[in-house]
Structures are given as C-alpha cells and as structure tokens.
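The structure under discussion appears below in the form of structure tokens.
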Amino acid sequence: MSEIREARLLKANSLINKGFEPYAETFKISHSTRFLNEKFGYLDNGQEFDLNVSLAGRVLAKRVMGKIAFFTITDQEGKIQLYLEKRIIDDYEINAKLLSFEDLKEIVDIGDWIGVFGTIKKTNKGELSIKVSKWEMLSKSLQPLPDKWHGLTDIEKRYRQRYLDLIVNPLSKTVFKTRAKCISLIRRWLDEKNFLEIETPILQSEAGGAEARPFITHHNTLDIPLYLRIATELHLKRMVVGGFEKVYELGRIFRNEGVSTKHNPEFTSVEIYQAFSNYIDMMNLTEDLIKNIVLSCCDSLVINYQDKVIDFSKPWKRISMKNVVKEYTGIDFDSFDGDLNKAKKFSEEINIEISPKINTLGRLLNEVFEQKVESQLIEPTFVTDYPIEISPLARRHPKNKEMVQRFELFIAGRELANAFSELIDPVDQRQRMQLQQSLRDAGDLEAHCIDEDFLQALEIGMPPTGGLGIGIDRLVMLLTNSSSIRDVIPFPLLKPELTSNKSEKSTSNEVK
RNA sequence: GGGUCGCUAGCUCAGCGGUAGAGCAUCCGGCUUUUAACCGGCUGGUCCUGAGUUCGAAUCUCAGGCGACCCA
C-alpha cells in the first residue's frame, strides 16, 4: 500500500528531473469526450478525421502492447480511448523535447490526470479514439483506484470517500447531476412565476416553525445560545406580512433527530408562500411543479421506483386523513363521538402501538395513519384535513373545528410535501402557541414555543396565504431511483471513524 | 431503542479451530489494434479493536467500534 505511494512519488520526482511539472497549472481543452463521441461516432472502422483536438481526463485503464498502447480516459461527461503509437509520439518528442512514449508507459498510472493533443481516429475494431501526438501530466495520483471491474461496493466507503464513488461508479455521478437539475428547475419555475427568493437566518435565538429538536450552538461575543433553524416558515411569513406576496426559500434545514434511509440531520427543503391563496391552491401548485420536474428529469410522467411503478400523469388522489384511514383500516373516526378510549380499543385491535403522548383523538388518528396507511400510499396522494393539535400553524377547517386546512403529499409511501392554508388570525395563533408552550414546559422537547415577534407580525396583519414545504432530498430519491437519502446527499452525516494513531511515516520521496 | 447480517491485501471476495488465499490493481519481463487486452514471473496482511476459551483463533465466546437491512 505505502509501496504504491512511494513508487508513485518516485515517478512524480522523475518528471521533475526531466523538467516537467507533475501538478500542472492549466491545460487548454478544445473538446469534451461527449462532444467527440457524439460528433464522430459515425466514422467507419479504421477511418481518421484530421481535426486537431486537445482534451484532458483521468486515466481509467491502460492497455500496453509494446510499441502501441490504448488508454481510456474519462472527463465529466464521458470516456474516450487514446490511441498511442510509439512512432508518432516519439517523432514529436525529438523535435520538441516532450515526454516520450516510454514515459507514458512508465510514469502514467491509472488514476492520473493527463492532457493530450491529437486527431480523431476510429480503430479497426470500431472504438472512437484520439490518435495522440503529444501528452502532458496534469496531476499525478499517489493512491490506487478501486477495482476497475467491481468498482466500489462498500456502501460506507462510498459515503465516506465520495470522490472514489464518483470516479468508479458512473451512476453516482448522474444522481448528483439530477439533483442539481432538480434544484435549478424549481428555482426557475418559481422565478418565472414571480416568486421572490428570500434568505432567512439559519442562526436563530429560538428555533420555530416545526415540531423538532434543534441543534444548539453559541455566539461567543454576544454570549448567547443560538439554534440552527428547523424550518424557514416563521420568517418567510414575516416577509409576507411585509408585503411580499410570493416568496420562497430553498435551503438547508437542520433537525437534531435520528438518521435513517429517509432522514439526514441536515436536509434541503423549499418552502413556498403565496398570498391570497389557500391549501387547495397550494395543492394545485405542488402537482404542477412536481410533474414539471419529473417530466424534465425522467423524460416521462411514469417512472420506476425500486420495485414500483409510479404514475404522475393522472390527476393525483385527494382524500381526507379520516377517509384514508377508514379506507385502509376500516376504522371510522367519526363513529367514536369523541370517545378516545373507544378509539384506542379499535386501534389496538389492529396492533397500533399507542404511546402515552397519544392523548387526543386527533393524535390517535394521525398515529393510525402513520403506522398503517402512510407506507401504502405509492401513487401520488394528497392527504388532507389534519387534526388541529398537530398543526399549530394551520388555519382551522371551517366545517370542523377539530381539523385544519392542511395536506401532506405522499409518494412511494413517504411524505414529500406539507402545506396549509396559513393561520393568519393573531388571536387564534397566540392561543395555539400558548398551548404548544405549555406542552413544552411539561417536557415535550419537540413542541413549538411562543414566538412573540412572529405574533406581533401577525397582529400587524398578514394577508390570507397558502404555504408549502417540499423535501428536496426525497424528491431527488424518486427521480434517481435511490433507496436511501444518503445516496442523494454527496456527503451524508456518518459517525466519525476512530482514527488509528498510525503515524504518517517516510516522507523521503515527498514532492516539494 | 430492539433484532438480523457484515467488517480478511489498494478494490472485489473466498477461507469458518492447524503455515493467510484468489482475481483485478501494483512491481519486473514480453508484445504495433486492445477495450475486464493477453502471456510469464514477483510482491503485498493490525484478518475492525480488546479480552477470554484452546497446545493452537481470521475461524469459537464475550465486550466494544463502524456500517447495512428489518422492526418500532
């Protein structure tokens, strides 16, 4: 292992001794591998095209046959073969004191970045290649790459050393391209509809807007605790109070909770607020936006996700929480006349685990939904009309005071979006926050706290508004057919590895 | 939080009480149309960590670390 490193350091030094730089400053590229593959794919076997090109990439394979060699190099968008002939390269070398064919064989290792000049040639066997006349070392790699055939399969290593994963697993690269495309599409879609992107604070003296525990940090000179935001909601609503009718924020949210295939402590969401709208309008907006993204990223509204087929093209199902629970479990929460014990008895019969925290009919309804229904909602489904006690920021439902105008969107058994008709009545909002605060005082660390400044803003007056939050990571999981949220986050949170106190020795061949 | 499984060469894996193994990569030699190039030769190990059982442990037991999956 360290022998490989030593040998490669020697090679780097030998370049220096020949008067070349193992770590180049720049290299001027004329084309990408993708462009050349698209443009010259039509050439017949053995045919050449006299276009001078320069391109750069990482060496992925070396096939040396004495006085001729074939390397495969890869750049961001693809691969191409290099056709390397001793006679051609060494002809140039004599004239211009360049690196020789022998150097190419001896000094270049798999993993190195090199730059080449040459022309286009399709080999006799039909592989489009660069017929190389001269070459340069751009960056000497000191460590071996994973197996060229099996790649890197150890999931932990793929996360911890994402750079290796990206080099040897091409699918990993496409995941992050799709992620970037998805985020850019969301911004463009919203910007075109005149939504204004806002940047609200990440460091806050109270973390509000969601039921979650925050990360705590400390500001030294002010000597106060600060919390990382758990939502962008309360600040975006302040912007609506201030007169911005359509706002959004796409950014990182931090929640101090468990890690799973569906949860990373920091994740990306987009929250969208639109004045003069209610949750029905936000439902329509959600359906439009997500269909647009799916079509752009997957070229179809019907996609495969894991072993399921998900059809986004039909109008998405809209069903109330009570009705969907009735449909999937047979339990009719309207039949209990507010009798919690009766409802618990029915729920226990279908093996619902009921924690002491479940002390109202609404919480029980939500619990039954989460335990028995959620995972079965594969096709896009809007579940509407949530219990008021788990929705302290949502507007009361006009037809049922125990419910609010809220929906969550479920796809592939997972929550993807959450939205309400926002609660804009400052008196009602104060009562709800006070109730939350009392739960918090009683020890519920996830309950909301009173945000006086937010209440003050509502008293100044907020227009009727619809609000929506979409989990970007989970959306990208669908778009890229990824089973774990960690597959769509370049550097997911992992426990630190114990570092061995193996001291780094022998730097004798270190390039200075 | 509970359960199951995994951790052995740079990578992918075998070995499951008796000298630490293979393929690829590396290193040396050969080769002017290969593409998992090929042919010949050589190297490479804290078997995740620690303790125990044993004449003897990668292998069995216990504790710990990290990860994956399932359940809650």
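For clarity, every value in this text was computed on a predicted model and none was experimentally measured. Side chains included, hydrogens not; waters and symmetry mates left out as well; all remaining heavy atoms used. Naming convention: chains lettered A, B, ... in sequence-line order (proteins, then strands); numbering from 1 in each chain.
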When you compare A20(B) with U43(B), how far apart are their C1' atoms, in angstrom units rounded to a whole number?
15 Å

Below 4.0 angstrom from OP1 or OP2 of A25(B), is there any side-chain N or O of Lys148(A)?
yes

Whichever of Ser483(A) and Arg8(A) has its nearest RNA chain B nucleotide further upstream toward 5'
Arg8(A)

Just compare U32(B), C27(B), C69(B) and give me whichever is closest to any side-chain atom of Glu85(A).
U32(B)

P atoms of U61(B) and U54(B), separation to the nearest Å
16 Å

If you find the nucleotide of RNA chain B closest to Thr153(A) and the one closest to Leu493(A), which residue's nucleotide is nearer the 5' end?
Thr153(A)

Kindly give the heavy-atom pair with the smallest separation between Met403(A) and Leu365(A), and that separation in Å.
CE-CD2, 3.9 Å

Partner nucleotide of G10(B) by Watson-Crick or wobble geometry (both distances under 3.5 Å)
C24(B)

Rounded to the nearest 0.5 Å, how far apart are OG of Ser335(A) and NZ of Lys326(A)?
8.5 Å

Taking only Lys NZ, Arg NE, NH1 and NH2, and the carboxylate oxygens of Asp or Glu, determine whether Lys134(A) and Glu136(A) approach each other closer than 4.0 Å.
no

Pairing partner of G56(B) (Watson-Crick or G-U wobble, both distances under 3.5 Å)
none

Take atom P in U59(B) and the same atom in C47(B), then report the distance between them in whole Å.
10 Å

Contact class for Lys79(A) (heavy atom, under 4.0 Å): base, sugar-phosphate, or nothing?
nothing

From the set G23(B), U26(B), G44(B), return the single nucleotide nearest to any side-chain atom of Ile110(A).
U26(B)

Of the nucleotides G23(B), C66(B), C31(B), which has the atom closest to the Asp147(A) side chain?
G23(B)

Considering only the P atoms, how many Å lie between C70(B) and G21(B), rounded to the nearest integer?
38 Å

With under 30° as parallel and over 60° as perpendicular, where do the rings of Phe40(A) and Phe49(A) fit, or are they tilted in between?
tilted

Rounded to the Å, how far apart are Asp109(A) CG and U26(B) P?
7 Å

Set out, in order, the CA-CA distance, both residues' side-chain angles and the distance that settles salt bridge (Lys or Arg N to Asp or Glu O under 4.0 Å) for Lys317(A) and Glu327(A), then state yes or no.
CA-CA 13 Å; Lys317(A) 185 173 181 177; Glu327(A) 184 178 319; 3.1 Å; yes

G-U wobble or Watson-Crick pairing nucleotide for G29(B) (cut-off 3.5 Å, both distances)
C39(B)

By the 4.0 Å heavy-atom rule, please label Tyr159(A) as base, sugar-phosphate, or nothing.
sugar-phosphate

Out of G67(B), G10(B), C11(B), which nucleotide sits closest to the side chain of Pro144(A)?
G10(B)

Test of ring centre spacing under 6.0 Å for Phe27(A) and Phe117(A):
yes

Show the numbers, then the answer: is there a side chain to side chain donor-acceptor pair (under 3.5 Å) between Asn264(A) and Arg486(A)?
CA-CA 7 Å; Asn264(A) 197 62; Arg486(A) 292 186 198 118; 5.2 Å; no

Pick base, sugar-phosphate or nothing for Arg158(A), based on heavy-atom distances below 4.0 Å to the nucleic acid.
nothing

What nucleotide among U33(B), G23(B), U26(B) has an atom nearest to a side-chain atom of Thr123(A)?
U33(B)

Kindly state whether the ring of Phe70(A) and the ring of Tyr83(A) have centres lying under 6.0 angstrom apart.
yes

A51(B) pairs with, by Watson-Crick or G-U criteria that keep both distances under 3.5 Å
U61(B)

Which base sits across from C5(B) as a Watson-Crick or G-U pair, both distances under 3.5 Å?
G67(B)

Spacing of Glu156(A) atom CD relative to G65(B) atom P, expressed in whole Å
14 Å

If you look at every strand shown and take non-hydrogen atoms under 4.0 Å, does Lys67(A) touch a base, only sugar-phosphate, or nothing?
base

Applying a 4.0 Å non-hydrogen cut-off, can you work out what Gly258(A) is touching in the nucleic acid: base, sugar-phosphate, or nothing?
nothing

Under 4.0 Å, counting only non-hydrogen atoms across every strand here, what does Val64(A) touch: a base, just sugar-phosphate, or nothing?
base

Should G45(B) form a Watson-Crick or G-U wobble pair with both distances under 3.5 Å, which nucleotide is its partner?
none

Salt bridge flag under 4.0 Å for residues Lys345(A) and Glu349(A):
no

Tell me whether the side-chain N/O atoms of Lys86(A) come closer than 4.0 Å to OP1 or OP2 in C31(B).
no

Euclidean distance for C1', A72(B) against A25(B) (whole angstrom):
45 Å

Restricting both atoms to N or O, compile the protein contacts to nucleotides 70-72 of chain B shorter than 3.5 Å, with distance only.
unit_1, atom_1, unit_2, atom_2, d
A72(B), O3', Glu353(A), OE1, 3.4

